[in-house]
Amino acid sequence: MISKLRYELEFPINSSPQLLYQYISTPSGLQEWFADNVNSRGEFYTFEWDDSQENARLISKKSGEKIRFKWLDENNKDTEYFFELRILEDEITKDVSLMVVDFALEEELEESRQLWTNQVSDLKHVIGSA
C-alpha cells in the first residue's frame, strides 16, 4: 500500500481565536471556506467539492483550540489519515495562526500545500483578515 506523507502548514491569521474556531469547527463555518457543502450527522461529516465527496469522522475537538477529522474509506471505516486544524496564539504578541496538519502522496505534496494555501486565503477573506 502506498503511504502518504504527513505535513504541517502554518498561516498567520488576523482574528481572535474564538472567531476563528467558529470557522473551523462548525459545518456552516467550514462551508464558508473549506468545502462547497458540509453536512454532519453526529460525529460523521460529509465534505463536498464540485463533483467529489469525502467522508470523515470527528475524532477530537478542543473548544477554542483544535479540531481533528479522520478520513473514512468507501465502507465508512477509519483510514490511517486525518486532518487537523489547530489555532495557535503567541502568549506575548497575541498573534494568531492556523496550523494545518494533513497527509498527501509524495507526488501530490506541493499541490496539496497549494490547495490549503488557497483555502486558507478564502478563510482569511471570509473573516476579514485578508
Side-chain angles (χ1 to χ4, degrees):
M1 186 172 131
I2 300 170
S3 65
K4 296 181 179 182
L5 302 172
R6 176 187 164 128
Y7 66 95
E8 296 182 359
L9 301 168
E10 187 175 337
F11 301 94
I13 304 221
N14 188 10
S15 168
S16 71
Q18 296 78 14
L19 176 66
L20 183 53
Y21 187 72
Q22 294 304 309
Y23 283 95
I24 69 168
S25 65
T26 63
S28 60
L30 286 162
Q31 196 168 292
E32 295 253 358
W33 66 278
F34 181 69
D36 297 332
N37 194 20
V38 180
N39 292 304
S40 68
R41 190 170 292 133
E43 64 184 6
F44 294 96
Y45 283 66
T46 302
F47 299 97
E48 296 176 19
W49 298 270
D50 294 329
D51 55 358
S52 72
Q53 177 178 307
E54 294 289 336
N55 295 313
R57 185 169 66 85
L58 175 63
I59 57 170
S60 73
K61 184 176 190 177
K62 189 165 185 186
S63 186
E65 288 185 29
K66 70 176 183 173
I67 189 159
R68 181 184 285 190
F69 293 96
K70 187 162 265 208
W71 293 115
L72 303 176
D73 65 16
E74 58 279 352
N75 300 315
N76 279 338
K77 301 287 183 219
D78 287 356
T79 66
E80 60 188 290
Y81 303 112
F82 65 87
F83 75 96
E84 180 177 285
L85 302 170
R86 190 175 341 141
I87 299 168
L88 307 173
E89 184 177 15
D90 186 286
E91 289 182 23
I92 297 168
T93 65
K94 299 297 181 196
D95 288 344
V96 174
S97 294
L98 181 65
M99 174 73 74
V100 174
V101 179
D102 200 2
F103 293 80
L105 296 171
E106 189 169 0
E107 62 271 14
E108 296 175 357
L109 197 55
E110 200 46 51
E111 183 181 331
S112 294
R113 286 184 168 145
Q114 189 58 50
L115 183 61
W116 275 112
T117 300
N118 292 343
Q119 288 177 299
V120 172
S121 176
D122 290 348
L123 170 62
K124 287 179 176 182
H125 184 76
V126 166
I127 62 176
S129 169

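Just so it is clear, the structure is predicted and the values come from calculations on it, not from any experiment. Index from 1, following the sequence.
Grouping the Ile, Leu, Val, Met, Phe, Trp and Tyr side chains by contacts below 4.5 angstrom, directly or via other members, places I59 apart from I24. A single hydrophobic cluster is not seen to contain both M99 and L115; linkage of ILVMFWY side chains at heavy-atom distances under 4.5 Å, directly or through other members, places them apart. Both L30 and F83 are members of a single hydrophobic cluster when ILVMFWY side chains are connected at heavy-atom separations under 4.5 Å. Under the 4.5 Å side-chain heavy-atom criterion for ILVMFWY residues, a single connected hydrophobic cluster contains both V100 and L5.
With a 4.5 Å cut-off on side-chain heavy atoms, E54 and W49 count as touching. Between D50 and D36 the shortest side-chain heavy-atom distance falls below 4.5 Å. Taking the side chain as every heavy atom from C-beta outward, L123 and L20 approach each other to under 4.5 Å. Residues L88 and E10 meet the side-chain proximity criterion, which asks for heavy atoms closer than 4.5 Å. Side-chain contact between N14 and V96 is absent, with no heavy atoms from C-beta onward closer than 4.5 Å. Put simply, the side chain of R86 reaches to within 4.5 Å of the side chain of V101, judged on heavy atoms. Annotation: side chain of E32 is in contact with side chain of Y23 (closest heavy-atom distance under 4.5 Å). Side-chain contact between F44 and N76: absent, with no pair of heavy atoms (C-beta onward) separated by less than 4.5 Å.
Annotation: side-chain hydrogen bond (donor to acceptor under 3.5 Å, both in side chains) contacts of S52 (sequence neighbours excluded): none. Take F103 and apply the ring-ring contact (aromatic ring centres under 6.0 Å, His included) test, not counting sequence neighbours, and it matches Y81, F82. Evaluation of the salt bridge (charged side-chain N to carboxylate O under 4.0 Å, His left out) rule for E65 yields K62 as partners, not counting sequence neighbours. By the ring-ring contact (aromatic ring centres under 6.0 Å, His included) test, W33 is found to be paired with no residue, residues two or more places apart in sequence or in another chain being considered.
Listed for the K124 side chain is a donor-acceptor partner under 3.5 Å among the backbone atoms of P12. In this structure, the side chain of D90 engages the main chain of I92 through a donor-acceptor pair within 3.5 Å.
For F69 and F34, the distance between ring centers is not under 6.0 angstrom.
Between atom OG1 of residue T79 and atom CG of residue D73 there is a gap of 7.0 Å, rounded to the nearest 0.5 Å. Atom-to-atom distance recorded for S25:OG and I87:CD1 is 7.5 Å, nearest 0.5 angstrom. Annotation: the span from L85 atom CG to K61 atom NZ amounts to 12.0 Å, rounded to 0.5 Å. S97 OG to F11 CZ: the interatomic distance, rounded to the nearest 0.5 Å, is 10.0 Å. Taking CD of E84 as the start and OG of S60 as the end, the distance is 6.0 Å to the nearest 0.5 Å. The distance from atom CD of Q22 to atom OG of S15, rounded to the nearest 0.5 Å, is 10.5 Å.
Within 6.0 Å of atom CD in E8, more than 12 heavy atoms from other residues, nucleotides or ligands are found, so the atom counts as buried in its surroundings.
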>> Does D78 form a side-chain contact (heavy atoms from CB on, under 4.5 Å) with R57? I'd like the steps, not just the answer.
In response: CA-CA 8 Å; D78 287 356; R57 185 169 66 85; 2.5 Å; yes
>> Please evaluate residues N37 and Q31 with respect to the criterion side-chain contact (heavy atoms from CB on, under 4.5 Å), reporting the C-alpha separation (whole Å), side-chain torsions for both, the decisive distance (0.1 Å), and the verdict.
In response: CA-CA 5 Å; N37 194 20; Q31 196 168 292; 2.9 Å; yes
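For residues 108-119, the set of pairs meeting the side chain to side chain donor-acceptor pair (under 3.5 Å) definition, not counting sequence neighbours, comprises Y7-W116, D102-W116, Q114-N118. Applying the side chain to side chain donor-acceptor pair (under 3.5 Å) test to residues at least two apart or on different chains, the pairs with a partner in residues 39-48 are T46-N55.
Taking every heavy atom of both residues into account, Y21 and K66 meet most closely at CE1-O, 3.9 Å.
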